[in-house]
Structures are given as structure tokens and as C-alpha cells.
Amino acid sequence: MSRMLADRDSTDLHLNLSRRHQRLARRYKQAALVAAIQTSIDGLAARQSTSAEKELDRQGAYDDVQAADGDLDDAIRNLFSGAESFDRDHLGAGTLAILFPSGGFGTMIELEVAQEPDAAEALAIKVETLGTAHTLAPHGVKLKTLAAIVREALSALNDAVRAAKNAQAEEEIAQGTLRRQYESNYLTARQSLGRGIAERIFPGTNRSQANEPTPPPAVPAIS
């Protein structure tokens, strides 16, 4: 018995069964059925490709956030190390206590990524109080620069997540469109050709056949 598509089925299975239906329909000279479903197949394939691209964009944006956060963490560590060195060379300066009153930087770099830029800028302001001519002054400038980069990366990630979700939703809509056309083709075949032929031009219920592998969408591999 022919197997109808279900909303739980993957996009690959939607496309696989529909293309198999087309091949079978051609065997029985049913060009109208082949043509009737082609637009829905093309639409879902395009949405699948877009969805895959947007997911890659999301992953790339996430990696950018992690890299920017790592750079900011390193800048905080370098400032801490620089303050220690400065205090060793200038006994009684107490620079480390001014910049890191808790005695360490661990709490700061362990903050949520979205919170760390604010903390880094607050630390940069402390550096500025030491004066523009202070040896550590460049560290404050770098902290502000990297904090801004983290914020930009977070904003880009939010945009990428939203775009990926929208693309997935559009893919699901396209799945529904293809399912409806697939069912319409089946009903048309039943009415015009009879059940016997209709059953022959739609893939059956054999799950191993229904899940026959299909080539993945042409998207760049994730390195």
C-alpha cells in the first residue's frame, strides 16, 4: 500500500518519496502528475538549501562570539599580569589592588558572555584613572575595543539565530505544501487510473525503501 507523507517526516524523506513518485509516474506515462508536483519539490529543495546555509551562518556567528570572548578574556589576563609586573617594579603603587580589588580575575572571565563587555569596560575605566601616560593605559583602550567586538558578535549571533529559525519555519511550510500536493496527486491518480495503477506509482510502506538515502544539499562542509 502506498505511504503518504507525514509532518514528522524529514525534508529528505519528503523529497525522496516525491521524486520516486515522479520516476514511477513517468513509467506509466503520467506526465501531468510529474509536472503537478515539480514546483512543490523545487520549493522544498530551495528552502532546505536556504535552511542549511542559515544554520551554517548561525554556527559561524556562534564561533565568532566564542573567539571574541576568548580575546577579551586574554586581554583581562594580560592586564592582571601587567599590573602585577608594574607593582613589582614600583613598590607601594598598589595598582593591582585598584584594578582587581578581589585579588583575581577569574570571576570576571567566568561571567556570561553577554555580561562580560560591561565588566570589561568598568575595568577599563579603572585603568583610565591611572592616567593616559601610565604604562597600563593601552590595556584600557584594548579592553574597550574588544568589549565592543564582543557586543557586535553577540548582535550578529542574535540575527543569525533569528534567520535560522525563520528559514526552518519556511522549510516546514514548504514540507506541508509538498505533502498536500503529494496527496492530491494520489487522489487524482486514484480517480483517473484506478487504485491498482495508483498504488504502483507511489512508493509503498516498506520503511527501508521509503528511507532510501538521497544526496544531501550542496552546502559547505563544517570544518
For [Y], is there any backbone N or O sitting under 3.5 Å from a side-chain donor or acceptor partner on [X]?
{"X": "S49", "Y": "A45", "answer": "no"}
{"X": "D57", "Y": "A160", "answer": "no"}
{"X": "S18", "Y": "L15", "answer": "no"}
{"X": "T132", "Y": "E128", "answer": "no"}
{"X": "S81", "Y": "R77", "answer": "no"}

Qualifying residues under ring-ring contact (aromatic ring centres under 6.0 Å, His included), relative to F86, sequence neighbours excluded:
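Scan of F86 (ring-ring contact (aromatic ring centres under 6.0 Å, His included), adjacent residues dropped) gives H90, H134.
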
Is any side-chain heavy atom of [X] less than 4.5 Å from a side-chain heavy atom of [Y]?
{"X": "L17", "Y": "R20", "answer": "yes"}
{"X": "L13", "Y": "S10", "answer": "yes"}
{"X": "R200", "Y": "L193", "answer": "no"}
{"X": "T177", "Y": "L44", "answer": "no"}
{"X": "D7", "Y": "R179", "answer": "yes"}
{"X": "R162", "Y": "D159", "answer": "yes"}

Heavy-atom closest contact ([X] atom, [Y] atom, distance):
{"X": "L72", "Y": "A147", "value": "CD1-N, 4.1 Å"}
{"X": "A153", "Y": "V65", "value": "O-CG2, 3.3 Å"}
{"X": "A119", "Y": "L111", "value": "CB-CD1, 3.6 Å"}
{"X": "H14", "Y": "L5", "value": "CA-CD2, 3.7 Å"}
{"X": "T95", "Y": "D87", "value": "N-OD1, 2.9 Å"}
{"X": "L24", "Y": "P203", "value": "CD1-N, 4.1 Å"}

With a 4.0 Å cut-off on N to O distance, would you call E183 and R180 a salt bridge?
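Between R180 and E183 there is no salt bridge, as every charged N stays at least 4.0 Å from the carboxylate O atoms.
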
So that I can tick it off, tell me whether E121 and R151 are bridged by a salt bridge, with the cut-off set at under 4.0 angstrom between side-chain N and carboxylate O.
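Looking at E121 together with R151, the answer is yes, because their closest N to O distance falls below 4.0 Å.
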
Checking [Y] against [X]: is there a side-chain donor and acceptor pair closer than 3.5 Å?
{"X": "R47", "Y": "T50", "result": "no"}
{"X": "Q175", "Y": "D9", "result": "no"}
{"X": "S51", "Y": "E170", "result": "no"}
{"X": "Q181", "Y": "N185", "result": "yes"}

Out of curiosity, does [Y] fall in the hydrophobic cluster containing [X] (side-chain heavy atoms, cut-off under 4.5 Å, transitive links)?
{"X": "L130", "Y": "V141", "result": "no"}
{"X": "I149", "Y": "I109", "result": "yes"}
{"X": "L178", "Y": "I173", "result": "no"}
{"X": "L146", "Y": "I125", "result": "no"}
{"X": "M4", "Y": "I41", "result": "yes"}

Value rounded to 0.5 Å, distance of [atom1] in [X] from [atom2] in [Y]:
{"X": "I76", "Y": "D71", "atom1": "CD1", "atom2": "CG", "result": "11.5 Å"}
{"X": "Q168", "Y": "E55", "atom1": "CD", "atom2": "CD", "result": "9.0 Å"}
{"X": "H139", "Y": "F80", "atom1": "NE2", "atom2": "CZ", "result": "13.0 Å"}
{"X": "D74", "Y": "L79", "atom1": "CG", "atom2": "CG", "result": "12.5 Å"}
{"X": "R190", "Y": "I197", "atom1": "CZ", "atom2": "CD1", "result": "12.5 Å"}
{"X": "Q66", "Y": "L157", "atom1": "CD", "atom2": "CG", "result": "9.0 Å"}

Tell me the ring-ring contact (aromatic ring centres under 6.0 Å, His included) pairs involving residues 19-58, sequence neighbours left out?
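Applying ring-ring contact (aromatic ring centres under 6.0 Å, His included) to every pair that reaches into residues 19-58, excluding sequence neighbours, yields H21-Y182, H21-F202.
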
For atom OH of Y186, decide whether the heavy atoms of other residues, nucleotides or ligands shown that lie under 6.0 angstrom number more than 12.
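Enclosed.
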
Does a sphere of radius 6.0 Å around CD in Q115 hold more than 12 heavy atoms from other residues, nucleotides or ligands, not counting ones at 6.0 Å or beyond?
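Result for CD/Q115: enclosed.
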
Could you check L123 against L99 for side chain to side chain contact (heavy atoms under 4.5 Å, CB included), going step by step and ending with a plain yes or no?
CA-CA 7 Å; L123 180 57; L99 300 178; 4.1 Å; yes

List the steps and the verdict of side chain to side chain contact (heavy atoms under 4.5 Å, CB included) for R27 and I201.
CA-CA 8 Å; R27 289 175 59 90; I201 60 178; over 6 Å; no

